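Working notes, beginning with the structure itself.
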Number of protein chains: 2
Amino acid sequence: MSRTDYPVYLQLRDRLWEWIEAEQLSSQQRLPSERELSERFGTTRVTVRQALSQLEAEGLIFRSNRRGWYITPERLRYDPSRDLGFNRYVTEQGFCPRTETLFKQLTEVPQWLSEISGLEAGTPVYHVFRRRYVNERGLLVEHNYINPAHCPGLLSESTNLSIWQLLRDKYDLRPEHRDIEIYPLALKGLEAESLHVNQGTAGLYIQRLSFDQHGDFLELDREYWLHDALKISVRIGDRH
Amino acid sequence: MSRTDYPVYLQLRDRLWEWIEAEQLSSQQRLPSERELSERFGTTRVTVRQALSQLEAEGLIFRSNRRGWYITPERLRYDPSRDLGFNRYVTEQGFCPRTETLFKQLTEVPQWLSEISGLEAGTPVYHVFRRRYVNERGLLVEHNYINPAHCPGLLSESTNLSIWQLLRDKYDLRPEHRDIEIYPLALKGLEAESLHVNQGTAGLYIQRLSFDQHGDFLELDREYWLHDALKISVRIGDRH
DNA sequence: ACTCCAATCTGGTATATACCAGATTATCGA
DNA sequence: TCGATAATCTGGTATATACCAGATTGGAGT
């Protein structure tokens, strides 16, 4: 194995990670600055950044805009097929959840939503935009589009907890069936800004389109996660 | 909106994409070389590469090692909860599938597999490593670990088609329940090499652990996908 | 103690330049 | 016509350097 011709930045990646493990840096702790690392490991800042980006791609470290590099916490397990509610399953895993409502408004159904929901374009729809934290790290932002037909006055409720729970307990609405879509993408524009990450940061998109027991469109949920923040875990066909 | 202070490489990203759309470049077509683009758009190759990487992160273009940049084809829709078989659902979407078996062997259950499968470490297990193409672009590699208990002689069958189909039709084995895990990661080592992509390329990991109708470990499937290759699409709770 | 502001620290962006290594293409010779 | 090989084209790696912009820190003045 002639691994001697391994590129410098990959060797550096390995040395960096060894160093991190030796130093026992743990979740959310800050790494030394790029300039310091480049001195310590005898190379340029550019190369250090390549190595750091590699570790970032692997989900081992993450960056906080112009503040530094940090050790990535363990991934959150998440089952999008169940309607447990964010706070609930975060707590169950021993972490501390937090939700901020960035805005909520009554708006009109745009064309694209009309096509997948069956609602008439231009009719009213609730739109909620929220940011979710685990242990004070913002992991995702999500857009909720909710059919106001069966839940008038929803927006005057607090939206910092589970919307599903609200819909179920107060309006007796429950998702009867759901279409889920998941794919990797780059975080851009509003989503990147709201999560304080750079344009183009790797993310995971999760969309849930749900219909209620009447067969009517209930809610569309579009979640933008940091790529290193979660591990989707689903169990199928288990009767217990 | 003072978007004038937008970084050059993001402006370039936009101009590049506009240019691509104007030129009507389509799926799998090659872009001009980086040097040519840097001249044409009046900037350095480094900045061009930043812009290209941005488009790559968004899944709009992809690179083929030292050959150039290409337009990314449409994502493949994929439902990991169903056992349709790769060739089947690729064909259904009007694409052309191909599977290569890179190796297959009878080996011993490693520790980590023992822990999740319930098999004794050191007992025999089939291991198949395959690469899958759609329209001659390699989209994923996958490791299959199969319990030989109920399907002796499996390896002498062709593994270029659906293993599930083989298990079902020839050995009467069907997955009774399944644990699925999905998360973004960086493609490294063997997986990156086999897909001819650079170390650290963004990918999506899908793991399926399935148990047969006897409750025995049937198969473990570990798939490494290119990040821009698929869109997971699942329908839940629909009785039709 | 507190507030405000300047200095400083951080990563982010940008240019210029060089050489390397794999992939492709052109060319020459049999 | 074919095959080996050399030239060339591609992206990949690496160094050096500069300045920008947001975040943090520290100190002066109240």
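Order of the sequence lines fixes the chain letters, A, B, ..., with proteins taken first and strands second; residue numbering starts at 1 for each chain. Please read these numbers as outputs of a predicted model, since none were measured by experiment.
- For the segment residues 50-61 of chain A, no residue has any heavy atom less than 4.0 angstrom from an atom of DNA chain C.
- If you measure from atom CZ of B:Arg45 to atom P of D:dT10, you get 10 Å, rounded to the nearest angstrom.
- When rounded to the nearest whole Å, the span between OH of B:Tyr6 and C1' of C:dA14 equals 17 Å.
- Candidate nucleotides C:dG12, C:dT13, C:dT15 were compared by shortest atom distance to the side chain of A:Trp69, and C:dG12 ranks first.
- Every residue meeting the ring pair (Phe, Tyr, Trp, His ring centres under 6.0 Å) condition with B:Tyr224, not counting sequence neighbours, appears here in chain and number order: B:Tyr205.
- Shown here for B:Pro80 and B:Val234, the closest heavy-atom pair between the two residues is CD-CG2, 4.2 Å.
- Considering only the side chain of A:Arg49, C:dG11 comes nearest among C:dG11, D:dG11, C:dA14.
- Side-chain nitrogen and oxygen atoms of A:Thr43 include none within less than 4.0 Å of the OP1 or OP2 phosphate oxygen of D:dA14.
- The two residues B:Leu204 and B:Pro184 come nearest to each other via the heavy atoms CD1-N, 3.7 Å.
- Residues B:Glu219 and B:Trp164 have side chains that bring a donor and an acceptor to within less than 3.5 angstrom of each other.
- Rounded to 10°, the helix from C:dA1-D:dT30 to C:dA30-D:dT1 has 0° between the axis fitted to its first five pairs and the one fitted to its last five.
- Under the rule for a side chain to side chain contact (heavy atoms under 4.5 Å, CB included), the partners of A:Asp14 that lie at least two apart in sequence or sit in another chain are A:Tyr6.
- Here the C1' atom of nucleotide C:dA16 and the CD atom of B:Glu39 are 15 Å apart, to the nearest Å.
- With no hydrogens or angles considered, a side-chain donor-acceptor pair links B:Gln111 and B:Glu115 at under 3.5 Å.
- At a cut-off of 3.5 angstrom, counting only N and O atoms as typed in the model, there is no donor on one side facing an acceptor on the other between the side-chain of B:Arg67 and the base of C:dA23.
- The CG atom of B:Asn65 sits 15 Å away from the P atom of D:dT10 (whole-angstrom rounding).
- Under 4.0 Å is where a charged nitrogen must lie from a carboxylate oxygen, and between A:Lys231 and A:Asp79 no such pair does.
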Could you walk me through whether A:Leu230 and B:Tyr183 pass side chain to side chain contact (heavy atoms under 4.5 Å, CB included), step by step? CA-CA 7 Å; A:Leu230 81 166; B:Tyr183 54 88; over 6 Å; no
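- Residue B:Thr44 has no polar side-chain atom (N or O) positioned under 4.0 Å from OP1 or OP2 of C:dT17.
- If you check every strand for non-hydrogen atoms under 4.0 Å, B:Val46 touches a base.
- At whole-Å resolution of the value, NE2 in B:His196 and P in D:dG12 are 15 Å apart.
- Regarding A:Gln199, its CD atom lies at a distance of 14 Å from the P atom of D:dG22, rounded to whole Å.
- Environment of CD in A:Gln28: crowded, with over 12 heavy atoms of neighbouring residues, nucleotides or ligands closer than 6.0 Å.
- Of the charged side-chain nitrogens involved, none lies within less than 4.0 Å of a carboxylate oxygen, so that B:Arg35 and B:Glu39 do not count as a salt-bridged pair.
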Please list, one pair per line, the donor and acceptor atoms closer than 3.5 Å that link side chains of residues 61-73 of chain B to other protein atoms, with sequence neighbours excluded.
from, atom 1, to, atom 2, distance (Å)
B:Arg63, NE, B:Glu56, OE2, 3.0
B:Arg63, NH2, B:Glu56, OE1, 2.9
B:Ser64, OG, B:Arg67, NE, 3.1
B:Ser64, OG, B:Arg67, NH2, 3.2
B:Asn65, ND2, B:Asn198, OD1, 2.8
B:Trp69, NE1, B:Glu34, OE2, 3.0
B:Thr72, OG1, B:Gly59, O, 3.1
B:Thr72, OG1, B:Leu60, O, 3.1
B:Thr72, OG1, B:Ile61, N, 3.2
B:Thr72, OG1, B:Ile61, O, 3.4

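- No engagement by A:Ser64 is indicated, since no non-hydrogen atom pair under 4.0 Å with the nucleic acid exists.
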Next item on the list: For the pair B:Arg208 and B:Glu223, evaluate salt bridge (charged side-chain N to carboxylate O under 4.0 Å, His left out) and give the outcome as yes or no after the intermediate values.
Entry: CA-CA 9 Å; B:Arg208 266 189 311 248; B:Glu223 304 178 355; 2.8 Å; yes
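- A salt bridge links A:Glu142 with A:Arg132; the closest basic N to acidic carboxylate O contact falls under 4.0 Å.
- Listed pair B:Asn198 / D:dG12 meets the phosphate criterion, a side-chain N or O lying under 4.0 Å from OP1 or OP2.
- Of the listed nucleotides (D:dA14, D:dT15, D:dC20), D:dC20 has the atom at the smallest distance from the side chain of A:Arg66.
- No hydrogens or angles were tested; on distance alone, nothing pairs the side chain of B:Arg63 with the base of D:dG12 as donor and acceptor under 3.5 Å.
- Counting to the nearest Å, the P atom of C:dA14 and the OH atom of B:Tyr9 are 7 Å from each other.
- Contact check of residues 23-38 of chain A against DNA chain D (heavy atom, cut-off under 4.0 Å) returns no residues at all.
- Of the residues near DNA chain D, A:Gly42 and A:Tyr70, the one whose nearest nucleotide (by heavy atom distance) lies more toward the 5' end is A:Gly42.
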